[in-house]
Asks: 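Encoded as structure tokens, here's the structure I'll be asking about.
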Amino acid sequence: MFEIKAALAENARDVDAVLDSLLPLHDDPESRLMEAVRYSTLAGGKRIRPFLVISSAKLFDVSEPSARRVAAAIEMVHCYSLIHDDLPAMDNDDLRRGLPTCHVKFDEATAILAGDALLTRAFEVLADPATHPDPRVRSDLVAELAHAAGPEGMVGGQMLDLLAEHQRLEMAEVTRLQRMKTGALIAISCESGAILGKAADAARQALHAYAHDLGLAFQIADDLLDVEGDEAEVGKKTGKDQGAGKATFVSLLGPERARAQSDMLASQAVEHLEIFSKNAEPLRALAEFVVNRRN
Ligand code: GRG
């Protein structure tokens, strides 16, 4: 049986080493910025998106250093989104990954800049020839990550999420919001392996379909953790969605149907991997992990 927890831990160690080297702390007058960046990037996190990048890249024999750099770049974008999401103007959270959030530990302005620094460094990493020798591959990665993180992806989804505090969303609207807010970054994480490996369209589409279902399953599991999770275990404040009166999969479906839906989506995600051999085992195991996780 594939040991997903051990594989995630090993993956996190590898990616953390790359993040550490790509986010150096220099002894200069502005060092407070990188202190904040490193504080919010290097202390914990399941590294699910890097795991998706590295596992999908393995399907196409991509070199490990290339895959790890892309994994690190996408994790930088994810960490930036968490720092900004926690700000008082957004979710106003003081706990993240079991630690004080960036603006609590440093200050708001530093947290904004730390997010900006992570976002821009991510694209610098992708554009660097060390990431891939073919400039077309690099420009594809840059374009696709920008699209996933931008107004038609994560940032657009965050806008919808802020507006949702004053509206009563229906199922189709919540699904669209979540596909943009969390699904888009999960999708590019899976597809970047195919981009790096110059994979055939069918393989890329299979990964896209897998990510489509996985992203939603992940979000429903996150909604369930907000309702049922233990704050110390989850590492962030729970009960927030209900407190803000936000429509979520759990509020619309109820916990039982939401759980059934996330399990169904996870199995459907695995079915899309049929065209791959045993090499896709890590991706199959991750789908199961995502819906059963406790943090
Ligand atoms: C502020 C630009 C901007 C975007 C924010 C993704 C996002 C958009 C906000 C995060 C808020 C949130 C809790 C979303 C739910 C799903 C999610 C992204 C959870 C956190 O991801 P995990 O579980 O976290 O992979 P770790 O800490 O393991 O990396």
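Every number for a ligand or one of its atoms is a count from 1 in the order of the listing.
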Asks: May I ask you to check whether H212 and R179 show a side-chain donor-acceptor distance below 3.5 Å?
Replies: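 Checked: H212/R179 side chains pair up, N/O donor to acceptor below 3.5 Å.
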
Asks: Is T101 close to K105 at the side-chain level, that is, under 4.5 Å between some pair of heavy atoms?
Replies: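 No, side chains not in contact.
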
Asks: Any idea which atoms of ligand 1 are less than 4.0 Å away from a heavy-atom of Q219?
Replies: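 Listed by number with element: 15 (C), 16 (C).
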
Asks: Need the ligand 1 atom indices (1-based, order shown) with element for anything under 4.0 Å from a heavy-atom of S81.
Replies: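 Selected atoms, number and element: 1 (C), 4 (C), 5 (C), 6 (C), 7 (C).
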
Asks: Return yes when atom CD of E165 has more than 12 non-hydrogen atoms of other residues, nucleotides or ligands closer than 6.0 Å, and no otherwise.
Replies: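 Yes, because the 6.0 Å sphere around CD of E165 holds more than 12 heavy atoms from other groups.
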
Asks: Of the choices H78, Q158, M154, R96, which has the non-hydrogen atom that lies closest to atom 5 (C) of ligand 1?
Replies: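 Considering heavy atoms of H78, Q158, M154, R96, the nearest to atom 5 (C) of ligand 1 sits in Q158.
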
Asks: Answer yes when E152 and R176 have at least one side-chain N-carboxylate O distance shorter than 4.0 Å, and no when they do not.
Replies: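 The answer is no: the pair does not qualify as a salt bridge.
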
Asks: Quick test: of every protein heavy atom, which one is nearest to atom 16 (C) of ligand 1, and how far off is it to 0.1 Å?
Replies: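 For this ligand atom, the closest protein heavy atom is T182 CG2, 3.3 Å.
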
Asks: Can you list the atoms of ligand 1 that are under 4.0 Å from a heavy atom of D222?
Replies: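 In order of numbering, the contacting atoms are 15 (C), 16 (C), 19 (C).
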
Asks: For ligand 1, which atoms, with element, lie under 4.0 Å from some heavy atom of K181?
Replies: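 Selected atoms, number and element: 6 (C), 8 (C), 14 (C).
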
Asks: At less than 4.0 angstrom from any non-hydrogen atom of Y80, what atoms of ligand 1 do you find?
Replies: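 Near Y80, meaning under 4.0 Å from one of its heavy atoms, ligand 1 has 2 (C).
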
Asks: Can you sort out which atoms of ligand 1 are near R293, meaning under 4.0 Å from one of its heavy atoms?
Replies: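 Here the atoms of ligand 1 in question are 23 (O).
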
Asks: Determine whether the side chain, the backbone, both or neither of D85 has a heavy atom under 4.0 Å from any heavy atom of ligand 1.
Replies: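 The answer is both, backbone and side chain.
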
Asks: What distance do F60 atom CZ and F276 atom CZ have between them, rounded to the nearest 0.5 Å?
Replies: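 If I round to the nearest 0.5 Å, the distance is 4.5 Å.
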
Asks: Any salt bridge between R96 and D91, counting N to O under 4.0 Å?
Replies: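 Result for this pair is no, no salt bridge flagged.
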
Asks: List the closest protein heavy-atom neighbour of atom 13 (C) of ligand 1: residue, atom name, distance to the nearest 0.1 Å.
Replies: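 That would be K236 NZ, 3.4 Å.
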
Asks: Going by distance only, is there an N or O of R49 that falls short of 3.5 Å from an N or O of ligand 1?
Replies: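 The answer is yes, given that R49 and ligand 1 share an N or O pair closer than 3.5 Å.
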
Asks: Does either side chain, that of T110 or that of D107, offer a donor lying less than 3.5 Å from an acceptor on the other one?
Replies: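 Yes, because at least one side-chain N or O of T110 sits under 3.5 Å from a partner of the opposite role on D107.
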
Asks: Is the count of non-hydrogen atoms from other residues, nucleotides or ligands lying under 6.0 Å from E173 atom CD greater than 12?
Replies: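 Above 12, so yes.
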
Asks: Would you say the side chain of D213 lies within less than 4.5 Å of the side chain of L216, judging by non-hydrogen atoms?
Replies: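 A side-chain contact under 4.5 Å is absent here.
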
Asks: Would you mind running through ligand 1 and noting each atom that sits below 4.0 Å from a heavy atom of G45?
Replies: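 Contacts of ligand 1 toward G45, numbered from 1: 26 (P), 27 (O), 28 (O), 29 (O).
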
Asks: What part of L185, side chain, backbone, both or neither, has a heavy atom within less than 4.0 angstrom of ligand 1?
Replies: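 The answer is neither; L185 stays 4.0 Å or more away.
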
Asks: Please could you name the atoms of ligand 1 that R97 approaches to less than 4.0 Å, counting only its heavy atoms?
Replies: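 Within the 4.0 Å cut-off of R97, ligand 1 contributes 26 (P), 27 (O), 29 (O).
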
Asks: Is it the case that ligand 1 has an N or O less than 3.5 angstrom from some N or O of K46?
Replies: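 K46 vs ligand 1: N/O contact under 3.5 Å present.
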
Asks: So, D86 versus H103: side-chain donor-acceptor pair below 3.5 Å or not?
Replies: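 No pair is found: no donor N or O on one side chain lies under 3.5 Å from an acceptor on the other.
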
